[in-house]
Visitor: 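Encoded as C-alpha cells, here's the structure I'll be asking about.
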Amino acid sequence: MRARVLVRPKAGILDPQGQAVERALPALGFGGVANVRVGRMIELDVDDPDRLPEMCERLLSNPLVEEYEIVESVGAEAPVGAEAMGAEVAQEARP
Amino acid sequence: MRARVLVRPKAGILDPQGQAVERALPALGFGGVANVRVGRMIELDVDDPDRLPEMCERLLSNPLVEEYEIVESVGAEAPVGAEAMGAEVAQEARP
Amino acid sequence: MEYELILAVLGRHPNDLELAMFSLMWSEHCSYKHSKRLLRRLPTEGPHVLLGPGENAGAVDVGDGLAVAFKVESHNHPSAVEPFQGAATGVGGILRDVFAVGARPIAILDSLRFGEPAASERSRYLLERAVAGIGHYGNSIGVATVGGEIYFDQAYEQNCLINAMCLGLAPHGRLIRSAAVGPGNVLVLLGALTGRDGIGGASVLASAEFGEGDADKRPSVQIGDPFTEKKLLECCLELLEDDLLVSLQDLGAAGLTSASAEMASKGGLGLDLDVGRVPLREPGMEPFEVMVSESQERMLCVVTPDLVPDVIAVCDRWEVLCTEIGAVTDNGRLRVLDGAEVVGDLPVAALVDECPMYNLEPEAPIVSLYPSPAPVLGGGETPAEVLLALLGSPNLASRRPVFEQYDCIVGSRTVRRPDAADAAVLELPGGAALAISIDGNGRRVACDPRAGAAEAVYECSANLACVGAEPLGLTNCLNFGNPEKPHVAWQLVEAVEGLARACEALGVPVVGGNVSLYNEAPTGPILPTPVVGMVGRLPDASRAGQIGFTNDGDAIALVGPFAPSLTGSELAKLRGAAPAGDLPVMEPGAVREAHATVRDAVCAGALSSAHDIAEGGLAVALAECCVAGGIGARLKVRIDDWVRELFGEAPGCAFVVSGAEEVLGPLGRVIGRVGGDTLVIPGALEVAVSELRAVRDNGLLQYASSAVWSE
Amino acid sequence: MKFGIVRFPGSCDDVDALLAAQRVGEAVMLWHADSDLQGVDAVIVPGGFSYGDYLRAGAIARFAPMMEEVAEFARDGGLVLGICNGFQVLCEAGLLPGALLPNISLRFVCRQVRLDVMSEYSPFTRACPLGEPLSIPVKHTTGRYYAPEHGLADTQVLLRYAPGENPNGSDRDIAGVCNESGNVFGLMPHPEHAVDPLTGSSDGLAIFESIRAHVADRVVA
Ligand SMILES: Nc1ncnc2c1ncn2[C@@H]1O[C@H](COP(=O)(O)OP(=O)(O)O)[C@@H](O)[C@H]1O
Ligand SMILES: [Mg+2]
C-alpha cells in the first residue's frame, strides 16, 4: 500500500521557512496569503500500514517539535490520490 | 481558505533523502518498505486559491525537478482535513 | 560531415548506440576539437610536476613524499538551468577528478560570474542558489571551501560562469592513473545507481532517439548527493591505500562512454562492458541510456581478478555499491554488451583520437564587442566618494555574505581563512603549508586578451607572494564564447598566448585545466574569462602573511613596478566605459622580481602585512588593509593625478606592505604610516575606517535575497 | 585517558575531533556499525552530516549499533560529548533535552563566535578560564536550539553565545547543554576546530582539558 506521511512543525514552534515563504510571496505579487507553515512529506509503499505510527514516532518525525499525519491510499500510483483529493499536478517550467 | 501544497521530486529525479530513509527503515526493524520519496508540504491561508498554481510554479516548487499537488480544504483548522482524508494525527511525546 | 568521417573510420553505418557514443565523444566537451591544438602552447613541464595535463587532475610534489593534485572545472551550462544543483554537482564532479588520482580532497575554491546584481533579479537568484549549492555539496562532504572569486558584469547576464577548483593531498605512492592495464582484468563500477540523469543534455540524440512522449522520463537535471560521494571518496581512498586498484577514473560528462573510452585509450587496450550488469535506478533503460547517463557519484576502476573479493569487502563496509561490469581486453575495441548480445563495437582509437580537430580562424575585432555599462559615477565625485563607491560596488565589496556559507575550516588545516590574506593557506603535516589562489578578470581580458590573461597568472602569483608562497603549478579554465566566431577565436588564441608567456616568465607549469566554450547569448559572447588557479608552497605555516595593518607606527611601503592606468579598471566601469583600450605593459622580469621580494620578506617574518594592488587600485588596497586590521593609515606622499594614481589598476605587479621602516626601506618606497582610525591621503581624502568597513560590508549584502528553503 | 570518536558514514569532523583529543590524551575511532567501545574513558560524537543529514539532522545516525553502546555508557555515567551533528544525534537519541532546528537565516553559517561559559564545575568546562569568553567557530545549517518547556534546568546550560553573537536564533542564546546528571554534553560550536592559534584559536582545548581532568580525578578517586 502506498502511504503518505505529512510532518509539520508543532504549533508554537517557530517556522522560519514558513515565514520566508510568507515574506517572499507578496514580493512576487501574491497578496492575501497568511499563516504559512512548511513541513515535510514522505511517501512510501508499506506492506504493513499498522506500523506507520511507530515509524513516524521513531524516525519520520521528531515528536518534541513536530506532529505528523498519516494519509493512506490504496493501490495508488504516484501522484498518490491526486484526483481523489481534488489536486492538480503540474510540471511547468520556471520562467 | 486553508490550502496545502505537496511537493515531491519528479519521477526519475534522484531523491537522496528518500533513498536514505529507505535504507534506514529496515535497519530499525521496519521491513516491507519501498519506493520512499521525501518532499515538502506547505500549508497556507489564501484569499484567492486560483493563484495557487502560479505560486507553486514560481516559488513553492522548482518545476525543473519537482512536481506539486494542491489540496484545498475549506475553513479547516490545522491539521487540515485530517479526518476527511482518513488521517491520524499524533503528537505523542517520545518515551 | 562528421558522420561521413565516422563512416570512413568504421567502414559501416554505426547503430544508434554507436552513433550516440560518437556524438558524445566528438562533442566539444569531450574532444576539445576547437582548443586542443591551442593548449599545446601551454608549458607543462617543471621540476615539481608529477602528473601533467591528460590525467583527471594534475599533481605536483610538495616535499616530504607528498603530492598535491588539483584542477579547476566549469559547470556553467547546467548551473544556468538549475543553479543550486548545477553548482553542487560541479563541486561533486571536480572532487571526483581529484580523488580519481588518489588524492584526498582538502580544499575547494569557486570562481563565479553573474550579471549585474543591481539590475537583474535573475542574477541575484543565480548568485543565491549557486552559492547555496556549492556550500551544500562542499559542507556536507567535509571538504573546506577556502577561497574563490566573484565578478559581476552584464556580459554574464545570460551565461553565468560557475567554475570550481579542488585540491587534494596524497602520498606519492597513492597517485594512480586512469589508463586501463592488463587484459583479463576486471572492470568495476562503484557508487550510485544509474538513472536517466543528464541524458537530455546530449542534445544530438534528441532527434535520433527520443519520442515526444518520452521527454518526461529523461530528467536532464542531475541531483547531487554529497552523502553518497562522501562514502565513495572514503571507499576509493581506502581501496588505494590497500593497493587494490590498477586504475581509477571518475564518471563525468558522457558517463560510462567517456570514462571507458578514455581508460581504454590511455592504456592502448580494449574494454568489454556489459550494460546489463549496470545497477539501475529505473527500470527499462535502453543500452544507450546506460552508456550516456550522467548520473553523479560514480567511479570506474580496473581490478585484478584475484583482488575482486577484497574490493567488494571494502565497498560493503562503506555501503558503496560495487559491480563487475566488464573486462579489459587486448583488441583495442570498446565493446558494449547487453548480456550475451553485442550492442556496440567501436575501435577505441576512432572514438578518442580520430575526432576531427578544427583550426580556429582568429580575427581581431576593430571595435569592442561589448557595450558600455550604465554609468554609476558621473565624474564629479571627490576622491573619498570614489573610494566609497568602489568599496561598496559588487565587484569589490566584502564577500562575507558568500563565504560564511562555506565551511572553510574542516580538516583542521586552514591557517588563512577568506578575507584574512590574499591566498588561502593550508598547513601541511610537516609544518610547511600550501597556498592557493584563483583569479581571472574578464573585463581586462576583453580589453587585451593577451595581456589580461597574463595578468591573471601574475595576480595569482602575487597573491601567493603575499602569504610567502612560491608557485608550484597552475590549472586553468578557459571560459569563452563561440570559437567558430573569428573574434572569439582571436580572444581565445591571444589569451592562451598570454597565459603561456606569463607561465614561462614566472616558471610555473600548467598541470591541467578545462575549457568551456559557446558561452554566448543572442546579444553576444561572455567576456573572455580565463580563470587561473595557482598552488604554491611556503616553508613555515606559522609565518604565513596576512592582509591587515596591525601595528600602530609601522611604515607602509609600495613594492614592485607600479604603472596604473584606468583602462579596464573598476572605476572605468563605474564611469560607464566599455572594456576596451590598452592595458599597461608589464615587464615580466620586474614582476617576477617583485614577487620574489615580497615572498622572501614574508617568509623571513619581516612584514606585518602584505597585500597586492589589484581591482580598485592603490586606494582600495590601502582601505582593505585598514579594514582587515581595524586600524587607520596616513600616506605622506604627494598625489598629483589622483584618479590614476589612487584608482588606476595594474594588477599582479605591485604590493602594499607594512612593517618596521628599516626593513621596508630596501624593499620599496615608503609611502606612509599605520595608525589612527582614519585612512588619510593628504590632499585627496580622509575617511574613517569604520565607514570604509560599513560600506564594504554592505556592498554585496544588500543584494543577498533571503533564503526560502533550508537545504 | 582514552577518547573514542564515533565515526558514521557522513561524519566530517571525525578526524579533527581525533586530532584535538590526541592533544590531551589517547584517542581511537569507533566505527558506527561496531558495538565495542574499546574501553574508552570518554566518547565524542563528532560533527558532519551523518547519513547526509537527510530527513532530519541526526535522525538516522542515532540508531547505529555503536550509539546503543554509547547510550549505555552514558547511563553508567560515562562522559559523552556531542559536537554539532553529534549534538543533534544526542538530542534525537534522547540523551540530551531539546532539539536542533534550521537556523533562522535558513543558511549555513561558518563564523567564529564568542561563548560565555556558564559553569565552572561541569566535567566539560571545569578547565575553562573564569569569566573569559571562548572564541570558537560554528558551522551549521541546523543549529537553532529549541529548549523544551520542561526538562531543562538553567544549570544544564553550560555555554551561551555571548550577547549579540547568536548565529542561529537559539532559545536564550543557548550554545551547549548537558543532561540532568551532567555527564552528557552537546554543543553546536566546534571546540575541535579551536585547538591551535595557527588555525584560529586554542580556546576549545579547554573543553578537552576539562574532560581529561575529570577522568583523571575519577581514576584517582
Ligand atoms: N585549459 C587547459 N589547460 C591545460 N590542460 C587542460 C585544459 N583543458 C583541459 N585540459 C586537460 O585535458 C584533459 C581532459 O580534460 P577534461 O575533459 O576536462 O577532463 P575530465 O574528463 O577528467 O573532466 C585533462 O587532463 C585536463 O587537465
Ligand atoms: Mg575526470
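Keep in mind that the numbers below use all heavy atoms, side chains included, and drop hydrogens, waters and symmetry copies. Letters A, B, ... mirror the listed sequences (proteins, then strands); counts begin at 1. Just so it is clear, the structure is predicted and the values come from calculations on it, not from any experiment.
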Visitor: What are the two closest non-hydrogen atoms of B:Ala24 and D:Ile60, and how far apart are they?
Guide: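 That closest heavy-atom pairing would be CB-CG2, 3.6 Å.
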Visitor: Return yes when atom CD of D:Gln22 has more than 12 non-hydrogen atoms of other residues, nucleotides or ligands closer than 6.0 Å, and no otherwise.
Guide: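 Atom CD in D:Gln22 is packed in, count exceeds 12.
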Visitor: Mind ranking B:Val38, B:Leu28, B:Val21 by heavy-atom pairs under 4.5 Å with chain D and telling me who comes out on top?
Guide: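 Looking at each option in turn, the highest pair count goes to B:Leu28.
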Visitor: Heavy atoms only: give me the nearest B:Ala20-D:Tyr51 pair and the separation to one decimal.
Guide: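 Taking B:Ala20 first and D:Tyr51 second, the nearest heavy atoms are CB-O, 4.5 Å.
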Visitor: Please look at D:Leu55 and chain B and tell me whether the side chain, the backbone, both or neither of the residue comes under 4.5 angstrom of a heavy atom of that chain.
Guide: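 Both parts, backbone and side chain.
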Visitor: Please name the residue in the list B:Gln17, B:Gln19, B:Arg23 that meets the side chain to side chain contact (heavy atoms under 4.5 Å, CB included) test with D:Tyr54.
Guide: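 Passing option: B:Gln17.
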